[in-house]
Amino acid sequence: TTRTWDYLGLSASSPKNLLNETNMGEQIVIGIIDTGVWPESEVFNDDGLGSVPSHWKGTCQSGEMFNSSHCNKKLIGAKYFINGFLEENKSFNSEESLDFISPRDLNGHGTHVATIAAGSHVQDISYKGLAGGTVRGGAPRARIAVYKGCWYLDDLDVTTCSSADILKAMDEAIHDGVDVLSLSLGSAVPLYGETDIRDGITTGAFHAVLKGITVVCAGGNSGPEAQTVTNTAPWIITVAATTLDRSFPTPITLGNNKMILGQAMYTGPELGFTSLVYPEDPGNSNETFSGTCEDLSLNSNLTMEGKIVLCFTTSSSSGSASTAAGSVKKAGGLGVIIARHPGSDLEPCVDDFPCVSVDYELGTNILLYIRSTSSPVLKIQPSRTLVGQPVGTKVATFSSRGPNTIAPAILKPDIAAPGASILAATTTNTTLNDGGFIMLSGTSMAAPVISGVVALLKALHPDWSPAAIRSAIVTTAWRTDPFGEQIDAEGSSRKLADPFDYGGGLVNPEKAVKPGLVYDLALEDYVLYMCSVGYNDSSISQLVGKSTLCSNPRPSVLDLNLPSITIPDLKEEVTLTRTVTNVGPLNSVYRVKVEPPLGVQVTVMPKKLVFNSETKKLSYQVRVSTKHKINTGFYFGSLAWISSVHNVIIPLSVRTQVLQNYFDEN
Amino acid sequence: AAESKVHIVYLGEKQHDDPEFVTESHHQMLCSLLGSEEDAHGSMVYSYRHGFSGFAAKLTKSQAKKIADLPEVVHVIPDSFYKLK
């Protein structure tokens with residue numbers, strides 16, 4: 001977070017901005033459901049904070065190495081939920097487990113995400129000199145309530161979260177009076193339906209949202225493949241991850257004096273010119289050679305000992321780098337150059353072992369150099385921190401992509417935020433931490449960025465519903481980076497980002513303060529949604545606690561009043577409706593501007609919306625038809641309502657399906 | 001004996017504001033299914049009673065099916081697991 005908030009335009013030094021106008025969210029409580037909290041971290045200091053908000057009813061639960069005195073005016077709640085986990089993991093031994101049977105965090109993940117959402121200012125933090133600056137949350141004076149529902153299972157060396165525990169945590173958080181709920185967890189596709197309890201988060205979130213609590217969830221790390229986004233219910237804010245305008249270039253110099261800037265978090269000493277090898281069969285050997293990063297251990301020690309090793313991998317996971325580094329180190333090697341597809345999952349190697357990533361093109365350059373000389377050598381210098389141009393913003397490779405597999409007409413993810421190489425607090429015993437701070441990547445890190453922004457917006461607009469807040473964030477998002485350069489979607493190959501990569505775009509907190517118009521949703525809209533996706537009257541009645549009857553014919557899911565229009569199966573012309581609520585100047589006039597998707601005709605009626613003291617809500621209709629004669633992929637456009645001061649933009653995504661329910665492959 | 005696993009019994013919006021009353025209704029439902037208060041107590045994992053109504057309980061497949069058929073039950077599903085993202 002040493003860069004996140006300045007990058008997003010929320011600098012603490014600006015005298016008048018969202019941060020300062022809301023007293024940094026001091027009256028807001030953000031609930032974090034995760035692996036717990038490391039309360040000694042400086043990010044939970046309560047310096048200068050006033051008394052706990054009066055609506056707070058939560059408590060601090062004592063347990064192993066945690067008691068109520070660990071809470072303060074910053075960390076105002078801490079509870080743990082383990083019953084579901086214990087029932088499902090009979091081998092778990094609470095006496096012997098490394099995890100703490102209390103709200104105390106073992107993994108560090110919960111502490112990290114809590115920092116991102118609402119950590120207090122802590123100056124002069126870095127990871128061994130990299131990414132230095134002030135660590136803080138999006139709403140640095142907001143209060144944090146931690147609900148530990150994820151536990152370390154020693155037998156399998158995994159951290160897992162039982163949905164029964166998570167649901168209980170949500171139930172308690174609703175009772176305690178959280179204003180925002182942040183969940184950096186989820187399941188994998190195939191997903192359960194969002195209208196039933198097969199997904200606990202979805203169900204808990206539904207009731208939280210009906211009570212005015214905004215629920216923010218990570219969209220998942222299964223990118224860059226399409227149709228991988230999770231936590232896709234229309235009442236949840238689903239978050240994608242981008243990179244920052246920050247990188248860690250690491251100079252590597254070949255023996256021919258050609259310098260290449262790789263990427264690493266290498267903070268050890270310079271490794272002077274050292275023999276360089278790419279393990280490959282010279283043609284006259286009976287030994288095994290492998291230049292594949294995951295298979296370096298197949299090489300003899302002699303091949304790698306005392307050398308820097310070049311390897312290639314098709315994986316973008318940091319696991320390949322650490323596996324390669326481990327193999328080279330074990331063989332007595334001195335460093336490793338990993339040639340891989342571009343990705344954003346960068347991690348330091350254990351014990352400051354020199355490990356530098358390059359792309360295939362640069363890796364091939366190094367390979368050609370090796371083959372061109374009898375004694376190839378290479379020098380590695382420590383990584384540096386590069387901030388600002390020319391480092392561009394990308395939707396991270398790992399960030400899960402739409403379309404939404406449960407309800408393709410509901411655009412997911414909703415929004416994107418920085419989630420790659422984020423420096424924030426952790427436990428002091430986590431591997432790769434530096435003084436209790438660590439760099440982590442994932443949509444886990446992006447979700448609490450949005451939670452922090454939501455906290456500030458909620459402080460400024462306490463009467464806005466969760467849907468209105470989501471709308472404000474989505475319609476004002478950057479579709480470029482904050483400096484006007486395009487946002488790419490990292491993958492193989494890189495492309496211009498679209499709504500399935502980043503929803504409305506990259507969150508623009510200052511713009512979201514005054515969105516002009518919002519696409520609001522209330523209970524009756526969610527009922528219409530459930531009717532449209534086929535739920536029966538009695539189930540809906542029980543879900544919402546009052547008698548409901550779906551219309552006949554059932555309403556169209558396309559009419560759900562989202563700040564997006566997604567038509568996954570356009571064949572005949574369709575007409576859909578949206579309603580906008582004026583939250584800007586009373587007397588406002590908006591005119592429509594449509595950028596239709598390729599080969600799609602979009603007509604909006606009326607073309608002008610006039611608001612005054614009497615008219616605060618207006619509806620418009622959108623008629624959409626296709627010129628395509630074949631089944632196409634999704635094409636993207638936008639629909640904007642423009643006044644003299646506001647541009648209220650929603651993404652348009654349309655797929656033509658002449659032949660419906662058809663797996664389009666030949 | 002059939003194996004009991006944690007199931008989540010979801011009842012939708014809560015019918016009472018008093019959480020004690022909501023929990024009591026969960027115990028009664030479980031008691032009717034399992035036949036004794038002791039078994040109901042031993043089976044109950046959580047009562048969801050603030051934001052919505054439901055409970056988590058250790059049930060066999062057939063018990064889960066029986067309770068799912070009750071008109072006041074929206075769904076019964078086995079517990080599942082999330083991962084950190």
Side-chain angles (χ1 to χ4, degrees), chain A residues 34-35 81 83-85 87-88 107 109 149-150 158-168 170-176 183-188 192 196-201 203-204 206-208 210-211 213 217-221 230 400 442-444 447 538-539 541-546, chain B residues 1 3-23 25-26 29-30 39-61 63-64 67-85:
Chain A
D34 211 285
T35 59
F81 305 91
N83 296 357
F85 172 84
E87 289 298 339
E88 300 284 358
N107 181 294
H109 187 272
C150 299
V158 294
T159 299
T160 182
C161 329
S162 145
S163 61
D165 292 336
I166 298 303
L167 200 53
K168 185 59 186 170
M170 296 179 89
D171 187 41
E172 289 282 320
I174 292 169
H175 166 265
D176 291 346
L183 292 97
S184 289
L185 28 119
S187 46
Y192 294 116
D196 64 38
I197 199 161
R198 285 172 198 279
D199 185 83
I201 291 175
T203 306
F206 177 72
H207 292 281
L210 289 188
K211 289 163 180 66
I213 300 165
C217 291
N221 300 337
T230 60
S400 291
T443 51
S444 274
S538 71
S539 291
S541 300
Q542 278 174 266
L543 258 147
V544 302
K546 62 183 187 185
Chain B
E3 191 187 2
S4 290
K5 303 275 277 177
V6 176
H7 287 74
I8 296 169
V9 181
Y10 176 52
L11 306 171
E13 191 59 67
K14 57 193 169 68
Q15 303 296 316
H16 301 279
D17 287 334
D18 182 353
E20 296 299 332
F21 196 93
V22 177
T23 296
S25 69
H26 297 157
M29 186 181 283
L30 207 45
D39 286 350
H41 186 78
S43 167
M44 184 73 82
V45 178
Y46 288 120
S47 168
Y48 306 115
R49 59 189 197 159
H50 299 295
F52 49 92
S53 179
F55 57 91
K58 288 172 278 180
L59 302 171
T60 64
K61 267 189 184 172
Q63 288 166 342
I67 208 163
D69 290 339
L70 296 175
E72 59 268 47
V73 174
V74 180
H75 280 294
V76 178
I77 60 107
D79 193 14
S80 59
F81 285 85
Y82 298 116
K83 284 185 174 167
L84 305 175
K85 297 294 181 185

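Per chain, numbering begins at 1; letters A, B, ... match sequence-line order.
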Between B:Tyr48 and A:Ala164 (side chain of the first, backbone of the second, donor and acceptor by atom type, cut-off under 3.5 Å), is there such a pair?
yes
Check: A:Gly186 main-chain N/O paired with B:Lys83 side-chain donor or acceptor under 3.5 Å:
no
Considering only heavy atoms, which portion of [X] lies under 4.5 Å from any heavy atom of chain B: side chain, backbone, both, or neither?
| X | answer |
| --- | --- |
| A:Asp176 | neither |
| A:Ser541 | neither |
| A:Ile174 | side chain |

[atom2] on [Y] to [atom1] on [X], rounded to 0.5 Å:
| X | Y | atom1 | atom2 | result |
| --- | --- | --- | --- | --- |
| A:Leu167 | B:Phe55 | CG | CZ | 12.5 Å |
| B:Phe52 | A:Gln542 | CZ | CD | 15.0 Å |
| A:Leu543 | B:His75 | CG | NE2 | 7.5 Å |

Would you call the rings of B:Tyr10 and A:His207 parallel, tilted or perpendicular if under 30° counts as parallel and over 60° as perpendicular?
perpendicular
Partner of A:Ser162 under side-chain contact (heavy atoms from CB on, under 4.5 Å), picked from B:Asp79, B:Val45, B:Val6, B:Ile8, is B:Asp79
Greatest number of heavy atom pairs closer than 4.5 Å to chain B - which of A:Asp34, A:Asp171, A:Thr35:
A:Asp171
Criterion side chain to side chain contact (heavy atoms under 4.5 Å, CB included) on B:Tyr82 and A:Ile201, from CA distance to verdict:
CA-CA 9 Å; B:Tyr82 298 116; A:Ile201 291 175; 3.6 Å; yes
Which heavy atom of [X] sits nearest to which heavy atom of [Y], and what is that distance?
| X | Y | value |
| --- | --- | --- |
| B:Ser47 | A:Lys168 | O-NZ, 2.6 Å |
| B:His50 | A:Lys211 | O-CE, 4.4 Å |
| A:Cys161 | B:Leu84 | SG-CD2, 4.3 Å |

Should we say atom CG of B:Asp17 is surrounded by more than 12 heavy atoms from elsewhere, each under 6.0 Å from it?
no
Quick one: what part of B:Pro19 sits under 4.5 Å from any heavy atom of chain A, side chain, backbone, both or neither?
neither
Output yes when B:Lys5 and A:Glu87 qualify as a salt bridge under the 4.0 Å nitrogen-oxygen rule, no when they do not.
no
